[in-house]
Amino acid sequence: MPKEARPSTGEQAKQHAFTLLRQAILHGEMAPAQRLVENELAEEFGVTRASIRAALIDLEAQGLVERIRNRGSRVRVVTVEEAVAITECRMVLEGLCAAKAAVAASDEQLTELADLGAAMTKAVAGGEPVTYSELNHALHDKIREISGQQTAVELLERLNAQLVRHRFQLALRPGRPQQSLNQHLAMIEAIRARDPQAAEAAVRAHLTSVIDALSD
């Protein structure tokens with residue numbers, strides 16, 4: 001957004017700051033434990049300190065920012081133990097979405113899932129972990145979209161945002177894409193077979209593997 005078009009105060013300014021800060025955290029531009037100095041951020045984003053403070057409060061509610069007594073705010077550090085607990089919650093919600101997707105998917109959507117599976121297979125064969133990670137996220141997003149379970153989708157969006165760094169690190173771990181590929185293909189196969197129980201079981205098996213990998 002051009003500087004002259006930026007709202008400097010009010011709800012729009014807070015939302016502007018919130019969106020930019022959230023994107024920076026999710027894209028890894030701001031590292032865990034990085035201090036978030038209100039004056040600096042206000043100047044960078046062209047809004048008031050009050051707008052930054054309000055945005056940080058909202059980000060804290062989403063689990064992306066933490067406030068340290070007498071030291072201000074910083075990007076939240078998500079421990080391995082917390083990442084495991086979050087993934088356990090994901091297991092229930094992602095399983096629900098997969099089961100619903102198996103029932104609700106159109107033929108066109110089933111084809112889209114198959115195409116994603118083929119692209120993931122190609123990425124692994126080509127040794128492209130970053131591409132594979134992006135396709136991995138796209139697959140999970142597509143399954144949630146197909147499910148139509150909006151409440152689960154919104155909860156998962158908040159949970160997944162807290163796991164960005166852990167998920168990226170897992171994707172770059174040697175051998176991990178090859179291991180998770182078959183799990184994702186099993187999810188796709190179960191949904192394409194319109195078998196909700198198998199789809200949910202495949203998601204649970206995949207996320208159990210994720211928990212094991214996080215704990216290593």
Side-chain angles (χ1 to χ4, degrees), residues 22-34 62-66 74-98 101 110-146 153 155-193 198-216:
R22 188 175 189 275
Q23 288 176 345
I25 294 170
L26 295 185
H27 294 163
E29 297 164 17
M30 292 181 169
Q34 181 174 330
Q62 288 203 357
L64 298 179
V65 165
E66 55 190 352
R74 70 177 190 178
V75 178
R76 182 179 167 219
V77 177
V78 178
T79 66
V80 170
E81 291 75 14
E82 289 171 318
V84 167
I86 292 168
T87 305
E88 289 173 341
C89 294
R90 280 185 63 207
M91 190 183 296
V92 177
L93 295 168
E94 297 269 15
L96 170 65
C97 288
L110 293 179
T111 299
E112 290 176 5
L113 292 178
D115 289 345
L116 278 169
M120 293 171 79
T121 300
K122 182 179 178 181
V124 169
E128 302 174 15
V130 174
T131 299
Y132 177 79
S133 178
E134 292 170 351
L135 291 166
N136 178 357
H137 294 166
L139 174 63
H140 285 276
D141 287 346
K142 176 57 68 174
I143 292 172
R144 291 194 288 269
E145 176 191 325
I146 295 170
V153 169
L155 290 169
L156 282 164
E157 184 177 325
R158 294 183 62 172
L159 292 173
N160 285 325
Q162 299 174 53
L163 294 175
V164 167
R165 186 157 294 268
H166 287 283
R167 294 174 75 181
F168 186 69
Q169 289 171 343
L170 275 186
L172 296 180
R173 184 180 297 182
R176 179 62 195 170
Q178 291 87 339
Q179 181 183 4
S180 72
L181 174 62
N182 286 336
Q183 298 163 4
H184 287 106
L185 294 179
M187 290 160 49
I188 293 170
E189 182 179 349
I191 294 171
R192 294 189 72 209
E200 182 172 2
V203 168
R204 285 179 170 270
H206 165 55
L207 291 178
T208 296
S209 171
V210 170
I211 289 171
D212 291 341
L214 285 168
S215 303
D216 283 347

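In this text the structure is predicted, and so the values were computed from the model without any measurement.
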What distance separates [X] [atom1] from [Y] [atom2], expressed to the nearest 0.5 Å?
X	Y	atom1	atom2	value
Asn160	Glu94	CG	CD	6.0 Å
Asp115	Leu139	CG	CG	11.5 Å
Arg158	Cys89	CZ	SG	12.5 Å
Leu93	Leu159	CG	CG	6.5 Å

Any side-chain heavy-atom pair of [X] and [Y] under 4.5 Å:
X	Y	answer
Thr111	Arg192	no
Arg74	Gln34	no
Ser215	Val84	yes
Val75	Leu64	no
His140	Leu156	no
Gln183	Ser209	yes
Leu96	Val203	no
Ile188	Leu110	no

Task: Other residues, nucleotides, ligands: >12 heavy atoms within 6.0 Å of Gln162 CD - done: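 Yes - once you tally the heavy atoms of other residues, nucleotides and ligands closer than 6.0 Å, there are more than 12.
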TODO: If a pair satisfies salt bridge (charged side-chain N to carboxylate O under 4.0 Å, His left out) and one of its residues is in residues 162-179, list it, with sequence neighbours excluded.
DONE: none
TODO: Scan residues 199-216 for pairs that pass salt bridge (charged side-chain N to carboxylate O under 4.0 Å, His left out), counting only residues two or more places apart or in two chains.
DONE: Glu200-Arg204
Are any of the side-chain nitrogens in [X] or [Y] under 4.0 Å away from the carboxylate oxygens of its partner?
X	Y	result
Glu145	Lys142	yes
Lys122	Glu128	no
Glu157	Arg22	yes

Task: Polar contact flag, side-chain donor to acceptor under 3.5 angstrom, His137-Tyr132 - done: no
Open item on the list: Keeping Thr79 on the side-chain end and Glu82 on the backbone end, is there a donor-acceptor pair under 3.5 Å?
Closed with: yes
- [ ] Using modelled atom types only, decide if a donor and an acceptor are shared between the side chain of Thr121 and the backbone of Gly117 within a distance under 3.5 Å.
- [x]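 At least one qualifying donor-acceptor pair exists.
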